[in-house]
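Remember, predicted model here, so these are calculated numbers, not experimental data. Below, chains carry the letters A, B, ... as their sequence lines are ordered, and counting in each starts from 1.
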Amino acid sequence: MEQLLKTIFENDLFVYVLMAVVPLMWVLPYALFAVWLERKVSAHMQDRLGPMRTGGWHGWAQTIADILKLIQKEDIVPKAADRKLHFLAPFVVFIGSYAAFAAIPFSSAYIGSNINIGLFYIIAVSSLVVVGILMAGWSSNNKWSLLGAMRSAAQIVSYEIPTALALLSIVMIAGTLDLQEINHMQTGWFWNWYLFKKFPFVFIAFVIYSVASLAETNRTPFDIPEAESELVAGYHTEYSGMKFALFFLAEYANMFAVSAIGATLFLGGWNSPFGNFMSGPLWGVFWFLSKGMFFVFVQMWLRWTLPRLRVDQLMYVSWKVLTPWAFACILGVGFWTML
Amino acid sequence: MPETLTAPLKTSTGRLLRTEEMVINMGPQHPSTHGVLRLELVVEGEIVVDVIPHIGYLHRCFEKHAEHMTNYQQVIPYCDRMDYLASMNMDWGYALAVEKLLGLQVPERVEYIRVIMGELQRIASHLIALGTYGLDVGAFTPFLFCFRDREGILDLFETTCGARLLYNYIWVGGVSHDLPPGFVEKAKAFCKYFRPNIKELNDLLTYNEIFIKRTANIGVLPADVAIAYGCSGPMLRGSGVNFDLRRDDPYSIYDRFNWEVQVGKGEMGTVGDCWDRYMVRVREMEQSLNIIEQALEQIPTEGDVQSAVPKKIRPPVGDVYVRSESPRGEIGFYIISDGSTSPYRVKARSPAFVNLSVLPEISKGYMIADMIAIVGSVDIVLGEVDR
């Protein structure tokens, strides 16, 4: 697609900008939709209706109205805050989540940047989020924010290890870090997906990845950095208006990013589950987004069902449960590959 | 608590790192202090070293107001506002005290109505306690399920007396309105509807692994400490003390019903932990349903509910202390009469105030997240703590 665009526009820079902006065309409407979906999912799980008025049909315009409201709101910066860091933090968080989209293959024809170390790049760049969260917590000069930020840093750093280890077993099977390449290897019917390969090792790795990715996106049951009933609102307690919305946007972008990686590595990404049926570059986008949104839905489902773990229990899960099992999976896959 | 959490920090060369304790204010504006409670926490990292509760943000001079009313009946709306989640039980406690002062016997039908209302109110109050407790440990959905069920009870109250929160329903000598036609059927239908929902709550929250991890062995209140502090209600019973005023100092007609006092057994951890206190409330709801169902069967169909309401209340000189079992524990009213038409002095012994006093004792050494779980398990209503 990149080559095609280059021949059409004959301007490399313009094409690069275009390629970079395309995921944004997905992330923004997706975030609006996901916030609405979250409200509806939670509402229907709780015997409520959720937003019903704004925009007519099932309150579809509610998030748009909310965003408009947030844009108009006064941007309050606490007097004792570190103004520079306080300003910068939401952007760093958002960049961290958005940058991951550059290497995610949306379809066989479209990937923001087809680098041969795509998976490595995504794992690395999504760590940037921690920096932003720490900045937000520290600069707010609020004890609750600081506690939230410290929790968050500890949590995201520890959960990156089982996440990376779980993904590593796929890398060992595929022998490449190129996400597009990994997708091509899973072409065909759904039993070609890596999820069903080397049973049960990859399946366990998939479960580990799902659990750890919940923690990486600060979702229940691992939402302790922003635990409402404990830390008021955690690291974004002192944010208002559009900056607050940016944290939200980043959270939802991150939710989709981890879902997309899960879908790409374990569920065949843009491949159709039924061989050649409904396959092709455009259907690829459909399959990819459906698989990603399914994961997003599962995350919402869990959020409205489970209570929250405590900080030390969270660390226990990461270091004493997920990490050893992830190592076991790597060993298992390794031996199997050698045989 | 694991020892590693409290061990002093050292650098690689063995030098001690200097750490500072942090004083942090939880409340009066905080999502989990159940009103306007302020807790001054001294924390070391996330470990709570000391807790100092500050109360009084909702003080409304109940006792002084009571002295300045023109008659005894006028105090009842103020009782409503003490424990606003269990107004019926507050009214009832006060009415019992004045009736004892007067030596008044209320009609049979009134006694049954009071028991039915009091037990429905207990369920409603426990539903809020359990729902918000789920919220405290991060589970949002049980909270709304509990509110959905509470709605049924509030509808029953609304059809009876028109109010949904502050009823002014139980008067000295009677009740303000007779039961509306069809109430007994509706109440029976509610009991039938509500019983399976307790199981739903258990499946969703009570036996959830994460919930058990968060509440078992947390905030353990030993029985002797509970007694020493004068705790009552589910706080006391959660610690394994088998004591309920409805059985051990029966008032009204509680001795006619078949039910059991529920105590904490330490099924998931230690006796007297947060899970036990939570579970006592769940089981009490079932027992309340039993009482309501029996009362609905036995209630006399005829009778004037206001036949015993005195035209003018002028009790003889003297004083009286009457205690009854509210959803939070022993609510006692001490009333001194000087022979006039208004009380000389009213002192309310509120259960949540006493239960809250044990908080510093049971919450030291736990983490901030546990602190929230412990405060939630005490089930305070600040209107009653501050009065």
Note to self: Looking at B:R214 and A:R308, would you say the former's side chain and the latter's main chain have a donor-acceptor pair under 3.5 Å?
What the structure shows: yes

Item checked: Interface residues of residues 198-209 of chain B facing chain A - heavy atom cut-off under 4.5 Å -> B:L204, B:L205, B:N208

Item checked: Over 12 non-hydrogen atoms of neighbours within 6.0 angstrom of CZ in B:F147 -> yes

Checklist line | Residues in ring-ring contact (aromatic ring centres under 6.0 Å, His included) contact with A:F33, at least two apart in sequence or another chain | finding: A:W36

Notebook entry, point to check: For the atom pair CG (A:D47) and OG1 (B:T141), what is the distance rounded to the nearest 0.5 Å?
Noted result: 10.0 Å

Check: Can you tell if the side chain of A:L147 reaches within under 4.5 Å of the side chain of B:I24, non-hydrogen atoms only?
Finding: yes

Let me have the donor-acceptor pairs involving side chains of residues 316-325 of chain A, under 3.5 Å, with sequence neighbours excluded, atom names and distances please.
| from | atom 1 | to | atom 2 | distance (Å) |
| --- | --- | --- | --- | --- |
| A:S318 | OG | A:S158 | O | 3.2 |
| A:T323 | OG1 | A:S318 | O | 2.6 |

Checklist line | Option that, when pairs with chain B are counted at under 4.5 Å, heavy atom only, ranks first among A:M45, A:M150, A:Q313, A:R303 | finding: A:Q313

Check: Hey, what do you get for CZ (A:R310) to NZ (B:K213), rounding to the nearest 0.5 Å?
Finding: 10.0 Å

Next item on the list: Using non-hydrogen atoms and a 4.5 Å limit, figure out which bit of B:M371 sits close to chain A: side chain, backbone, both or neither.
Entry: neither

Margin query: Surrounding CZ of A:F203 (heavy atoms of other residues, nucleotides or ligands, distance under 6.0 Å), is the total greater than 12?
Written below: no

Next item on the list: Hey, could you give me the CH2/CG distance between A:W144 and B:N25, rounded to the nearest 0.5 Å?
Entry: 8.5 Å

Next item on the list: Return the orientation label for the A:W304 and B:F140 ring planes: parallel under 30°, perpendicular over 60°, tilted otherwise.
Entry: perpendicular

Next item on the list: Tell me, please, which residues at least two apart from A:A81 pass side-chain contact (heavy atoms from CB on, under 4.5 Å).
Entry: A:V77, A:P78, A:H86

Checklist line | Under 4.5 Å from any heavy atom of chain A - which part of B:I218 | finding: side chain

Item checked: Backbone N/O of B:V23 and side chain of A:K143: donor-acceptor pair under 3.5 Å -> yes

Notebook entry, point to check: Does CZ belonging to A:R48 count more than 12 external heavy atoms closer than 6.0 Å?
Noted result: yes

Check: Quick one: what part of B:F211 sits under 4.5 Å from any heavy atom of chain A, side chain, backbone, both or neither?
Finding: both

Next item on the list: Under 4.5 Å heavy-atom distance to chain A, tell me which part of B:R148 shows up: side chain, backbone, both or neither.
Entry: side chain

